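Source: prediction; values computed, not measured.
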Amino acid sequence: MTIASTGRDSIYIVYEGGELVAIKLVIDFLIIPNNRKNTESIKIFSDSQSAIGILTLNWKSDNYGKTIHDIKIGILALKSEGIIVSIEWTPGHADIQGNELADQLAKKAAQEAEKIQSIPIFTKQDIQKGAKDSVMLKWQNRWDTSDKGRRYYAFQQNVKIHFQKTSRQLKYIE
């Protein structure tokens, strides 16, 4: 869970779903001047030691490169406006009021997310097949309606592509 406090009465709680993404959402929210009126410092609390290490100690991460970059740029933007930003660790599931509230909200969000239909996943092969099928349909339509090649059309009404693999290249065969 990630919790952000401006040191005043407001606490911004972000759902679980990737600590770095949650921290980015907090930074994106607080970059907007109207969301941080009279704010001199922002403390972001997270129970993810890896997210904190990545952002404060420059630990290496093979994932989320753009998210990490965006967070760091956002923190620099806030600092350039005189706002002190700190990211601190808080123990998870340790009866800390804000963290427990974040846990509850995360569980509720996870339950709501289960109700939402999942987005179909397309593989590279699905996209390639779709592109090929689309080209073949257009080619077939052009072949069926063209004035050219009518003698050959009498023998070959359907278009088709055959590829033959050689050791170094693919050769097109008519």
| field | For Arg150, side chain to side chain contact (heavy atoms under 4.5 Å, CB included) partners two or more places apart | value | Trp143, Ser146, Tyr153

| said: The criterion is salt bridge (Lys or Arg N to Asp or Glu O under 4.0 Å); which residues satisfy it with Lys60, sequence neighbours excluded? | reply: Asp62

| query | Between atom NZ of Lys24 and atom CD1 of Ile31, what is the distance when rounded to the nearest 0.5 Å? | reply | 8.0 Å

| said: Main chain of Gly82, side chain of Glu40: is a donor-acceptor contact present, judged purely on distance under 3.5 Å? | reply: no

| task | Would you please name every residue forming a side-chain hydrogen bond (donor to acceptor under 3.5 Å, both in side chains) with Gln49, sequence neighbours left out? | result | none

| request: Using the rule that two of Ile, Leu, Val, Met, Phe, Trp, Tyr join whenever any of their side-chain heavy atoms come within less than 4.5 Å, decide whether Leu57 and Ile44 are in one cluster. | output: yes

| side chain to side chain contact (heavy atoms under 4.5 Å, CB included) partners for Ile73, two or more places apart | His69

| message | Could you tell me if the side chain of Thr39 sits less than 4.5 Å from the side chain of Leu78, heavy atoms only? | response | no

| message | Please enumerate all residues that pass side chain to side chain contact (heavy atoms under 4.5 Å, CB included) together with Val135, with sequence neighbours excluded. | response | none

| task | Mind checking salt bridge (Lys or Arg N to Asp or Glu O under 4.0 Å) for Asp147 and listing every partner two or more places apart, or none if nothing turns up? | result | none

| request: Check whether Val159 and Tyr152 end up in the same hydrophobic cluster, where Ile, Leu, Val, Met, Phe, Trp and Tyr are linked by side-chain heavy atoms less than 4.5 Å apart. | output: yes

| request: Please check if any side-chain donor atom of Ser46 sits under 3.5 Å from a side-chain acceptor atom of Ser48, or the reverse. | output: no

| request: Drop me the distance from Ile54's CD1 to Ile68's CD1, to the nearest 0.5 angstrom. | output: 4.5 Å

| said: Is there a continuous path of hydrophobic side-chain contacts, each under 4.5 Å between heavy atoms, that joins Leu20 to Trp59? | reply: yes

| query | If you look only at pairs with a residue in residues 65-91, which of them pass as a salt bridge (charged side-chain N to carboxylate O under 4.0 Å, His left out), with sequence neighbours excluded? | reply | Arg36-Glu81, Lys66-Asp70

| said: Hydrophobic clustering (ILVMFWY, side-chain heavy atoms < 4.5 Å, transitive) - are Ile32 and Phe29 grouped together? | reply: no

| task | Starting from the C-alpha separation in whole Å, work towards a yes-or-no answer on side chain to side chain contact (heavy atoms under 4.5 Å, CB included) for Ile42 and Ile83. | result | CA-CA 7 Å; Ile42 299 168; Ile83 298 171; 3.8 Å; yes

| Taking only residues two or more places apart in sequence, or in another chain, which ones meet Asn158 in a side-chain hydrogen bond (donor to acceptor under 3.5 Å, both in side chains)? | none

| request: Name all residues meeting the salt bridge (Lys or Arg N to Asp or Glu O under 4.0 Å) criterion together with Lys132; count only those two or more places apart in sequence or in a different chain, and write none if there are none. | output: none

| request: Taking ring-ring contact (aromatic ring centres under 6.0 Å, His included) as the test, write out the residues that go with Trp89, two or more places apart. | output: none

| remark: Thr67 meets the side-chain hydrogen bond (donor to acceptor under 3.5 Å, both in side chains) criterion, sequence neighbours left out, with none

| Among Thr90, Ile23, Ile87, which one satisfies side-chain contact (heavy atoms from CB on, under 4.5 Å) with Ile52? | Ile87

